[in-house]
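Working notes for the structure below.
Lettering follows sequence order; numbering is per chain, from 1.
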Amino acid sequence: MTDEKPRGDIREDFLHARHVKFFIRCLNVLPSSYSSLDTTRLTIAFFALSGLDVLNALDRIADDKANYIDWIYSLQVLSKEGRDVNNCGFKGSSTLHLKGYEDFESPFDSGHIAMTYVALASLVILGDDLSRVDKKSVIESLKHLQLDDGSFGATADGSENDMRFIFCASCISYMLNDWSGVNIENAVKYIKDSLAYEHGFAQGPFLEAVGGSTYCALASLVLMNRLESLTSDQLEKIKRWCIFRQKSGFHGRPNKPVDTCYSFWVGASLKLLDCYNFVNFESNREFLMSTQAQSVGGFSKWPDSHPDALHSYFGVCGLALMNEPGVLPVYAPLNISERAVKHLHQLHMTSLAS
Amino acid sequence: MASDSSEDELDNWVFYRDREEWRDVTPIEQDDGPFPVVAIAYTDKFKDVYDYFRAILKLEEKSERALELTGDAVHLNPANYTVWYYRRLLLQTLSKDLKEELDFISTVINQHPKNYQVWYHRKVVVGWLKDPSLELDFSASILDLDAKNYHTWQHRQWVIKEFKLFDDELEYVNKLLADDIRNNSAWNQRYFVITHTTGYTDEVLKREINYLIAVIRDVPNNESAWNYLTGILDKGKASSETELRETVLRWLEDGMDSPYLLSFIIDIYEEDLEKGTAPIGTLTKAQELCKTLATDIDCIRKEYWNYVSRRLGVEYGKKSE
């Protein structure tokens with residue numbers, strides 16, 4: 001966590017300036033075809049803000065920083081009399097904010113664990129001090145969201161439960177510097193039970209191993225400081241499963257096509273296992289370059305497809321793992337820049353001291 | 001991802017604001033605040049439906065028309081978990097026929113097969129009904145469209161476990177593998193079924209190994225089959241399955257150049273070294289295979305195979321030679 005400056009001159013085939021523009025466009029207005037993302041607008045904001053940070057271009061939105069921060073806080077479901085504390089946290093959009101009834105807070109308003117994670121991460125990226133976060137309630141709600149099997153659900157009113165939300169709970173606890181909302185033993189047990197026979201991690205026990213849940217599992221263990229719960233034999237096999245995912249770029253499961261986002265999910269998993277040097281940089285980079293949208297910027301899942309915010313962000317992060325010039329280093333366990341993590345650690349020593 | 005606006009124009013859509021039976025309700029606009037971030041340019045239809053959804057949510061109206069409205073709202077955004085939650089409250093309050101709800105959610109899943117909320121809703125409804133009779137056929141119909149849909153497999157495993165429907169599942173797995181022997185999800189389901197039924201007894205293990213030998217001989221570069229083979233052999237077991245061992249070594253001699261074959265043999269040699277049963281030269285043979293992989297048949301993983309070679313040297317170099 002030393003190098004905070006982008007390294008060297010930007011290479012010609014990397015469309016850095018266009019990606020910056022792409023992320024700025026995402027922050028402004030999306031066309032109606034994105035309506036199905038209405039409840040998760042905050043995740044798009046996170047991809048764009050963190051994307052700009054990793055591209056070392058946060059200065060492009062410097063004038064509006066306070067506005068972004070206020071917008072994120074406007075999505076916080078605060079504890080108050082009559083509200084179940086389990087519904088606290090952040091929601092993904094203002095869908096339930098009623099014009100003309102500014103003081104009315106819907107009893108159906110509910111935080112979502114993934115939105116709380118991206119809200120906190122975005123605030124840290126923007127340099128906020130998290131002082132307006134209702135920390136006590138957020139931590140309290142985690143207790144309710146964890147199931148007996150150790151996994152987490154997303155909302156108090158019922159949702160699927162899986163590895164993704166263990167990762168979210170881990171990021172939230174790490175960022176708020178308070179693990180009292182998580183039963184770590186149970187979470188570790190769920191993670192270990194989800195190690196598939198192939199030695200990748202699945203979303204849950206007996207499900208299929210996949211790159212995304214492997215990242216979530218390993219990052220959670222690292223954040224909990226429990227990577228040593230895995231035996232050295234298991235770690236060797238996990239390393240092999242991960243590196244076998246490289247074809248040119250990476251895919252998420254055997255016999256599936258390569259896809260931009262796995263250059264991050266699997267790449268970061270290898271980084272967490274301290275063996276990113278296994279990766280063939282040249283092939284991985286060549287694939288990532290081929291999924292850039294030449295005219296509008298951003299990355300798509302596959303070559304010649306439409307770019308989207310998620311694949312654009314993970315494309316950039318995939319390059320960050322390889323020290324691409326023009327890109328800041330990413331802190332793999334939290335999926336944000338090392339620069340942002342440095343700010344977070346400063347908060348941990350002052351206002352968020354445990 | 002798309003809720004196609006051009007499609008909206010084509011059907012005979014009547015806006016809620018123009019419906020006689022909704023005249024008593026005042027729609028409520030979304031308040032997106034002074035500085036909307038990631039704003040979405042909603043279609044008129046989307047805005048209209050959600051203006052009325054906000055209104056009934058504020059009124060907490062529990063009615064047939066509210067149920068119908070939630071149906072339109074989830075079609076426009078199946079990821080809105082509040083709409084689904086409110087819909088479930090309505091289903092309970094109005095004591096709706098849950099079989100009809102299963103029809104409804106089937107239609108939505110067919111349109112949005114990779115959405116989390118739709119599968120969760122189905123799971124809740126099936127749980128309420130305590131009737132899984134449609135689930136295996138339904139999930140199979142979605143797997144017909146994409147045999148690797150993770151949500152579908154997750155739902156299928158839940159139903160099978162919850163209602164003990166293991167009986168015909170191995171047959172289904174066999175059918176999928178006959179369609180596509182590289183379908184990793186089907187291999188995973190094979191492991192799931194056998195673990196929960198017979199378990200990997202000596203007899204089952206023998207049957208599986210014989211099956212795998214036939215499958216791999218046909219398609220040596222099928223990682224899914226190799227991973228399954230490695231997965232069902234407990235630690236230390238690969239080296240002591242004599243027939244299997246002879247077969248893979250013969251394949252190597254015959255020039256089969258699958259990286260998975262070489263990596264499997266490296267593991268066998270490592271087991272021998274670990275057990276102390278390795279003849280002199282085993283480490284060298286393993287390291288030679290690493291070199292072949294690194295420089296010839298799996299060059300993309302050159303660094304990895306060099307690492308394995310070094311690791312074996314460090315761990316077994318002094319012990320064995």
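- With hydrogens and angles left out, the side-chain atoms of B/Asn188 and A/Glu198 include no donor and acceptor closer than 3.5 Å.
- The side-chain heavy atoms of B/Val37 and A/Arg41, taken from C-beta on, include no pair separated by under 4.5 Å.
- The most heavy-atom pairs under 4.5 Å with chain A, out of B/Gly231, B/Gly33, B/Pro34, B/Pro259, come from B/Gly231.
- Inter-residue side-chain proximity for B/Thr195 and A/Phe206 is flagged as met; some heavy-atom pair is nearer than 4.5 Å.
- More than 12 heavy-atom neighbours from other residues, nucleotides or ligands sit within 6.0 angstrom of CZ on B/Arg88.
- In this structure the side chain of B/Leu57 reaches within 4.5 angstrom of the side chain of A/Ser106, judged on heavy atoms.
- When side chains are defined from C-beta on, B/Phe46 counts as touching A/Asp38, because their heavy atoms get closer than 4.5 Å.
- Interface residue A/Ala202: backbone and side-chain heavy atoms are both found under 4.5 Å from chain B.
- Applying salt bridge (Lys or Arg N to Asp or Glu O under 4.0 Å) to B/Glu223 and the options A/Lys256, A/Arg245, A/Arg240 leaves one that passes, A/Arg245.
- By the 4.5 Å heavy-atom criterion applied to side chains, B/Leu76 and A/Ser35 are not counted as neighbours.
- Using a 4.5 Å cut-off on side-chain heavy atoms (C-beta onward), A/Ser283 and B/Ile300 make contact.
- Residue contact with chain B, scored on non-hydrogen atoms closer than 4.5 Å, involves the side chain of A/Asp233 exclusively.
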What's the verdict on side-chain contact (heavy atoms from CB on, under 4.5 Å) for A/Gln246 and B/Arg301, showing C-alpha distance, side-chain angles and the deciding distance? CA-CA 8 Å; A/Gln246 183 169 24; B/Arg301 269 167 282 281; 4.0 Å; yes

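- Contacts with chain B were tallied for A/Thr155, A/Thr40, A/Asn67, A/Val210; A/Asn67 has the most, counting heavy-atom pairs under 4.5 Å.
- Atom CD of B/Gln117 is separated from atom OG of A/Ser36 by 10.5 Å, given to the nearest 0.5 angstrom.
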Determine whether A/Phe244 and B/Ser263 satisfy the following criterion, side-chain contact (heavy atoms from CB on, under 4.5 Å), listing intermediate values before the conclusion. CA-CA 11 Å; A/Phe244 268 43; B/Ser263 107; 4.2 Å; yes

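- Residue contact with chain B, scored on non-hydrogen atoms closer than 4.5 Å, involves the side chain of A/Pro107 exclusively.
- Proximity of a side-chain donor or acceptor of B/Tyr191 to a complementary backbone N or O of A/Ala196 within less than 3.5 Å is not detected.
- In this structure, chain A has no heavy atom under 4.5 Å from any part of B/Ile232.
- Heavy-atom neighbours of B/Gln111 CD from other residues, nucleotides or ligands within 6.0 Å: above the threshold of 12.
- Within the 4.5 angstrom heavy-atom criterion, only side-chain atoms of B/Tyr85, from C-beta onward, approach chain A.
- The backbone N or O of B/Ser185 lies less than 3.5 Å from no partner atom in the side chain of A/Arg253, so there is not a single donor-acceptor pair.
- B/Glu303 and A/Asn280 share no donor-acceptor pair across their side chains, judged by distance under 3.5 Å alone.
- Both tests pass for B/Lys58 against the ring of A/Phe104: distance under 6.0 Å to the centre and angle within 45° of the axis.
- Relative orientation of the A/His112 and B/Tyr81 rings is tilted, given thresholds of 30° and 60° on the angle between their planes.
- Judged by the 6.0 Å and 45° rule, B/Arg54 forms no cation-pi pair with A/Tyr101.
- The distance from atom CZ of B/Phe192 to atom OH of A/Tyr197, rounded to the nearest 0.5 Å, is 13.0 Å.
- The contact between A/Ser248 and chain B is made entirely by backbone atoms, counting heavy-atom distances below 4.5 Å.
- The shortest distance between side-chain heavy atoms of A/Phe46 and B/Val38 does not fall below 4.5 Å.
- Ring orientation note: the planes of A/Phe278 and B/Tyr307 are tilted relative to one another, at an angle of 30° to 60°.
- Enclosure of atom NZ in B/Lys302 is not indicated, since only 12 or fewer non-hydrogen atoms of other residues, nucleotides or ligands lie within 6.0 angstrom.
- Annotation: B/Glu162, atom CD; neighbour count of heavy atoms from other residues, nucleotides and ligands within 6.0 Å is above 12.
- For A/Glu282, no part sits under 4.5 Å from any heavy atom of chain B, backbone or side chain.
- Ion pairing between A/Glu236 and B/Arg311 holds under the 4.0 Å rule for side-chain N and carboxylate O.
- Judged purely by distance below 3.5 Å, without hydrogens or angles, the side chains of A/Asn255 and B/Asn183 never pair a donor atom with an acceptor atom.
- Counting heavy-atom pairs under 4.5 Å between each of A/Val29, A/Leu27, A/Asp157 and chain B puts A/Asp157 at the top.
- With 3.5 Å as the limit, one finds a donor-acceptor pair spanning the side chains of B/Asp32 and A/Ser94.
- Each of A/Lys247, A/Lys239, A/Glu208 has some count of heavy-atom pairs under 4.5 Å with chain B, and the biggest count is that of A/Glu208.
- For the atom pair OH (B/Tyr116) and CG (A/Asp162), the distance works out to 6.0 Å, reported to the nearest 0.5 Å.
- For the atom pair CG (B/Asn80) and OG1 (A/Thr95), the distance works out to 6.0 Å, reported to the nearest 0.5 Å.
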